[in-house]
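To keep things clear, I will list the structure first and then write my remarks on it.
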Amino acid sequence: MRKTGRNRISGRIVETEAYPPGDPSGHVYHGRTARNQSLFLDVGFAYVYFIYGTSYMLNVTAEEPGVGAGVLLRAIEPVDGIDLMKRLRKTNKLTDLARGPGRLAAALEIDQRLDGVDLCANGPLWLGTAVRETAHISTTVRIGITREVGRLLRFFEAGSPFVSGPHSTR
DNA sequence: AAGAAGATTCGCT
DNA sequence: GCGAATCTTCTTA
């Protein structure tokens with residue numbers, strides 16, 4: 001759920017990836033830095049970072065304070081504020097609005113100012129409750145990493161057209 | 001101190 | 001399919 005001014009944007013989370021404690025492909029692996037400090041917050045805070053000079057990414061912290069682990073939100077199925085999302089993303093194609101982590105951040109107007117926000121509080125960005133049942137959840141290897149490539153830590157709703165990467169139906 | 005790689009996307013071929 | 005965009009961190013000298 002996202003609130004910008006008078007506008008409301010929201011979507012169902014349909015694809016995530018886990019970056020657990022000790023993961024060599026996680027941003028915490030080499031210790032605490034100015035960029036990754038939000039990952040060390042308590043469960044349910046936002047970790048937003050900028051990568052490749054082009055894209056923001058949104059994570060939800062997932063461990064006790066000081067541990068450093070998160071869940072990358074890779075795709076949402078647009079629910080509210082679709083017209084605004086289309087303007088933010090400069091496309092009218094529904095399935096391209098938030099399919100992929102950089103696109104998701106752009107569609108929700110997320111940038112470094114939302115780094116460290118409490119996602120379980122009444123604020124500009126938060127986690128709502130499910131709007132409907134989730135279909136079967138498929139599991140695969142993670143996308144775009146080069147270490148710990150074999151671990152099955154990507155999760156997505158089977159059959160959803162709003163998921164990035166391989167679209168398994170199992 | 002400098003270069004390469006990185007949890008990506010877009011436009012062009 | 002390939003290269004550019006271009007910020008942060010890590011690696012090597």
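These values consider heavy atoms only, across backbone and side chains, with no hydrogens, waters or symmetry-generated copies. To find a chain, count down the sequence lines: A is the first, B the second, and so on, and within it residues start at 1. Please read all numbers here as calculations on a predicted model, not as lab measurements.
Residue Lys90(A) contributes atom NZ, which lies 16 Å from atom P of dT9(B) at whole-angstrom precision. To the nearest angstrom, C1' of dA7(B) lies 12 Å from CG of Leu73(A). Spacing between atom CG of Asp115(A) and atom P of dC7(C) amounts to 17 Å, rounded to whole angstrom units. We find that CZ of Arg103(A) is positioned 10 Å from P of dG11(B), with the value rounded to whole Å. The distance from atom CG of Asp111(A) to atom P of dC7(C) is 15 Å, rounded to the nearest whole Å. Leu104(A) places its CG atom 13 Å from the P atom of dT8(B), with the value rounded to the nearest Å. Atom OH of Tyr56(A) and atom P of dA5(C) are 18 Å apart (whole Å). For Leu58(A) and dT9(B), the CG to P distance is 13 Å, given to the nearest whole Å.
At the heavy-atom level, Ile145(A) lies under 4.0 Å from the strands shown only through sugar-phosphate atoms.
Between dT9(B) and Arg89(A), no contact under 4.0 Å exists linking OP1 or OP2 to a side-chain N or O. One finds a side-chain N or O of Arg74(A) lying less than 4.0 angstrom from the OP1 or OP2 phosphate oxygen of dT8(B). The phosphate of dT9(C) has neither OP1 nor OP2 within less than 4.0 Å of any side-chain N or O from His27(A). Contact check, Arg147(A) against dG6(B): no side-chain N or O comes under 4.0 Å of OP1 or OP2.
Stem list for DNA chain C (at least 3 consecutive Watson-Crick or G-U pairs, distances under 3.5 Å): B:1-6 with C:7-12, B:8-12 with C:1-5.
Comparing dG1(C) with dA7(B), their P atoms are spaced 23 Å from each other, to the whole Å. Nucleotides dA5(B) and dG3(C) place their P atoms 14 Å apart, quoted to the nearest Å.
Across dA5(C), dT9(B), dC10(B), the shortest atom-to-atom separation from the side chain of Thr54(A) is found for dA5(C). Closest to the side chain of Met57(A), from the set dA7(B), dC10(C), dT8(B), is dT8(B).
For the pair Arg12(A) and Phe162(A), the cation-pi test (distance below 6.0 Å, angle within 45°) is failed. Figure legend: Arg32(A) and Phe40(A) shown as a cation-pi pair, the cationic atom lying under 6.0 angstrom from the six-membered ring centre and within 45 degrees of its axis.
Linking Ile, Leu, Val, Met, Phe, Trp and Tyr residues whenever their side-chain heavy atoms come within less than 4.5 Å leaves Leu104(A) and Phe45(A) in two separate clusters.
Nearest-nucleotide positions on DNA chain B for Thr146(A) and Gly102(A) put Thr146(A) closer to the 5' end.
Take Gln112(A) and apply the side-chain hydrogen bond (donor to acceptor under 3.5 Å, both in side chains) test, not counting sequence neighbours, and it matches Tyr56(A).
Side-chain contact of Arg154(A) with Thr140(A): a donor-acceptor pair under 3.5 Å is present, judged by distance alone.
Of the inter-residue distances, the one linking Asn122(A) atom CG with Met1(A) atom CE reads 11.0 Å to the nearest 0.5 angstrom. Within the model, atoms CE of Met57(A) and CG of Leu72(A) stand 6.5 Å from one another, a figure rounded to the nearest 0.5 Å.
The stretch residues 32-52 of chain A comes close to DNA chain C through Thr33(A), Ala34(A), Arg35(A), Phe50(A), Tyr52(A), each having a heavy atom under 4.0 Å from the strand.
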| field | Verdict with supporting geometry, Val28(A) and Val67(A), side chain to side chain contact (heavy atoms under 4.5 Å, CB included) | value | CA-CA 9 Å; Val28(A) 173; Val67(A) 175; over 6 Å; no
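In this structure, Glu17(A) pairs ionically with Arg74(A), as a charged nitrogen and a carboxylate oxygen lie closer than 4.0 Å.
For Tyr19(A) and His27(A), the ring centers sit 6.0 Å or farther from each other.
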